[in-house]
Amino acid sequence: MLQIAFIRENQEKVIQALAKKNMDAKTVVEAVVELDEKRRATQVELDNILAESNKLSKDIGELMKSGEKAKAAILKEKTVINKEKSKKLAEQADAYVAELTDKLYTLPNLPADIVPVGKTPEENLNVFEAGTVPVLHEGAQPHWELVKKYDIIDFELGNKITGAGFPVYKGKGARLQRALINYFLDKNTEAGYNEVQVPHLVNEASAYGTGQLPDKEGQMYHDATDDLYLIPTAEVPVTNLFRDVILSENELPVLTTAYTPCFRREAGSYGAHVRGLNRLHQFDKVEIVRVEHPDKSYEALDGMVEHVKHILDELKLPYRILRLCGGDMGFASALTYDFEVFSTAQDRWLEISSVSNFETFQSNRLKLRFKDKDGKNQLAHTLNGSSLALPRVLAGILENYQSPEGIVIPEVLRPYCGFDIID
């Protein structure tokens with residue numbers, strides 16, 4: 001959530017910045033400033049009445065001590081009137097705060113200065129490419145055919161149990177999936193991230209805290225009975241570990257990693273581009289989350305990008321990195337880099353990771369602060385990244401490592417799998 005003081009002092013800057021995210025924010029920004037003015041004026045009036053009431057109470061006490069009960073009675077009548085006024089003003093101030101908060105929740109984060117202007121994924125900026133696209137043998141197949149051939153993932157069985165987008169991993173497919181999870185976690189912990197296991201359901205406050213609500217309400221699975229949400233990413237519960245927390249400056253940075261299944265409704269996703277593992281309703285992902293000092297968060301973002309690059313280099317998959325344009329960025333992000341692996345059999349790029357800096361957007365919602373050297377509370381910066389999302393990494397391995405003899409396992413994964421080939 002954007003800070004109200006910043007909006008108040010930088011209205012035009014906010015409007016222009018959000019235009020980069022293809023939002024006409026003028027009406028909302030003006031409404032926010034107007035509501036804030038009303039709230040502050042009401043609060044000043046309330047504070048004055050409360051101060052007057054405190055003085056009246058002291059005066060009444062002194063009059064009662066001196067025996068001037070008649071004068072004290074007159075002042076008591078004033079306190080009754082003030083009490084009623086203060087009650088109405090407090091209710092009005094609370095109403096302004098609630099309306100103001102609802103307005104603020106509709107405003108996305110401001111994009112960083114280096115975010116490219118653009119409206120579509122085609123306008124993202126390609127900033128890095130690595131790896132060699134293999135030349136596949138004649139008769140090479142996309143992964144949804146390979147998994148049938150080797151009986152390692154069953155989409156039809158998952159459809160019977162639950163519905164489309166909930167695959168069943170079998171045999172060496174399940175073991176490869178588990179190997180990837182353990183490999184990713186090991187790489188993250190070796191890099192200094194502390195591993196945690198977190199709930200897969202979160203409450204409404206947690207979903208608001210990281211910006212999933214109200215922006216992505218239609219994409220989340222919701223249990224109305226208990227008012228809980230299935231997590232779309234481990235980012236939500238992991239970042240909420242720090243909700244309402246005040247850290248000391250010397251505790252920063254805080255590095256956390258977690259494996260969780262993720263659940264997304266993916267409403268409106270149809271067509272050939274979502275076949276097989278390309279888009280699922282339930283999938284596994286290993287996440288990294290950082291809480292950083294504001295002065296060091298962009299250095300940390302660069303470090304996270306290098307970390308994911310190192311993993312993909314070890315897997316020897318062809319990949320590229322995109323700096324997302326304003327129109328393709330997430331609601332809460334100030335700057336995002338997407339990693340895409342090349343699917344040789346599909347002849348297309350598949351997104352496998354997003355690494356983002358949210359600056360103070362999430363921490364303002366979460367009330368995540370640190371005490372600086374002067375003893376003042378400051379909002380921390382939060383960052384997160386996929387390290388990595390499994391389905392499309394797995395699709396990339398299956399397709400890029402296929403051979404006439406079978407699917408060769410990347411060398412770095414063999415100790416985790418216990419086998420060298422799926423045949």
Side-chain angles (χ1 to χ4, degrees), residues 1-11 14 25-107 202-209 211 213-214 224 226-228 240 242-249 360-380:
M1 186 161 61
L2 298 179
Q3 296 178 65
I4 183 61
F6 182 85
I7 296 174
R8 186 170 60 242
E9 296 165 11
N10 300 275
Q11 292 184 55
V14 170
K26 183 177 174 62
T27 301
V28 178
V29 167
E30 289 176 349
V32 163
V33 172
E34 182 181 353
L35 281 167
D36 184 53
E37 288 174 353
K38 290 179 179 178
R39 177 196 63 80
R40 289 193 297 158
T42 303
Q43 189 64 51
V44 168
E45 190 176 353
L46 175 59
D47 291 343
N48 289 339
I49 287 178
L50 291 175
E52 183 184 352
S53 295
N54 288 336
K55 184 178 183 304
L56 286 171
S57 295
K58 291 179 182 178
D59 292 344
I60 290 168
E62 291 174 1
L63 289 170
M64 292 297 288
K65 284 180 184 178
S66 62
E68 299 180 78
K69 294 183 179 180
K71 289 182 178 180
I74 294 171
L75 295 186
K76 282 182 181 180
E77 290 179 8
K78 287 187 177 180
T79 62
V80 171
I81 294 170
N82 280 356
K83 186 176 181 180
E84 187 61 32
K85 282 183 180 179
S86 63
K87 180 183 176 183
K88 290 180 179 179
L89 286 169
E91 289 173 350
Q92 184 61 67
D94 288 344
Y96 284 142
V97 168
E99 190 176 356
L100 180 59
T101 302
D102 286 343
K103 293 285 186 188
L104 288 170
Y105 276 142
T106 68
L107 291 173
V202 294
N203 55 30
E204 187 178 70
S206 294
Y208 268 98
L213 292 180
D226 294 315
D227 196 21
L228 296 173
N240 272 277
F242 306 100
R243 175 152 49 94
D244 297 319
V245 169
I246 301 176
L247 300 165
S248 61
E249 189 168 350
T360 60
F361 190 83
Q362 291 181 332
S363 58
N364 192 30
R365 292 182 175 216
L366 295 162
K367 293 182 173 59
L368 164 55
R369 294 156 290 175
F370 69 96
K371 198 171 289 293
D372 66 18
K373 293 174 182 177
D374 298 324
K376 296 180 180 178
N377 291 338
Q378 306 284 350
L379 290 173

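Between the CE atom of M1 and the CD1 atom of I7 there is a distance of 9.0 Å, given to the nearest 0.5 Å. A distance of 4.0 Å separates CG of N377 from NZ of K371, quoted to the nearest 0.5 Å. Considering CD of Q11 and CD of E30, their distance stands at 7.0 Å, rounded to 0.5 Å. The OG1 atom of T42 sits 5.5 Å away from atom CD of Q92, with the distance rounded to the nearest 0.5 Å. T101 OG1 to R365 CZ: the interatomic distance, rounded to the nearest 0.5 Å, is 10.5 Å. The distance from atom CG of D244 to atom CG of L368, rounded to the nearest 0.5 Å, is 9.5 Å.
Side-chain contact of N48 with E52: a donor-acceptor pair under 3.5 Å is absent, judged by distance alone. Residues N203 and S206 bring a donor and an acceptor atom of their side chains to less than 3.5 Å of each other.
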Take F361 and L2 through the side chain to side chain contact (heavy atoms under 4.5 Å, CB included) test and state the conclusion after the steps.
CA-CA 6 Å; F361 190 83; L2 298 179; 4.1 Å; yes

Please lay out, stage by stage, how T79 and S53 fare under the test side chain to side chain contact (heavy atoms under 4.5 Å, CB included).
CA-CA 6 Å; T79 62; S53 295; 5.5 Å; no

For side chain to side chain contact (heavy atoms under 4.5 Å, CB included), just list the numbers for K69 and M64, CA-CA rounded to whole Å, side-chain angles, deciding distance to a tenth of an Å, and then say yes or no.
CA-CA 6 Å; K69 294 183 179 180; M64 292 297 288; 4.2 Å; yes

List the steps and the verdict of side chain to side chain contact (heavy atoms under 4.5 Å, CB included) for V202 and N240.
CA-CA 9 Å; V202 294; N240 272 277; over 6 Å; no

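Of all heavy-atom pairs spanning L50 and S86, the tightest one is CD2-CB, 4.1 Å. Scanning both residues, Y96 and L35, for their nearest heavy atoms gives CD2-CD2, 3.9 Å. Of all heavy-atom pairs between V33 and R8, the closest is CG2-CA, 4.3 Å. Between A93 and R39, the closest heavy-atom pair is O-CG, 4.5 Å. Closest approach of L56 and N82 over heavy atoms only: CD1-ND2, 3.6 Å.
Residues satisfying the salt bridge (charged side-chain N to carboxylate O under 4.0 Å, His left out) criterion with K367, sequence neighbours excluded, are absent altogether. Residues meeting the side-chain contact (heavy atoms from CB on, under 4.5 Å) test with I74, sequence neighbours left out: none.
Between the side chain of D374 and the backbone N or O of K376, no donor-acceptor pair lies under 3.5 Å. At least one donor-acceptor pair under 3.5 Å links the side chain of N10 to the backbone N or O of F6. The main-chain N or O of A380 is found under 3.5 Å from a side-chain atom of S363 such that the two form a donor-acceptor pair.
Of the charged side-chain nitrogens involved, at least one lies within less than 4.0 Å of a carboxylate oxygen, so that K38 and E34 count as a salt-bridged pair.
Sorted by first and then second residue, the salt bridge (charged side-chain N to carboxylate O under 4.0 Å, His left out) pairs with a member in residues 94-103 form an empty list; sequence neighbours excluded.
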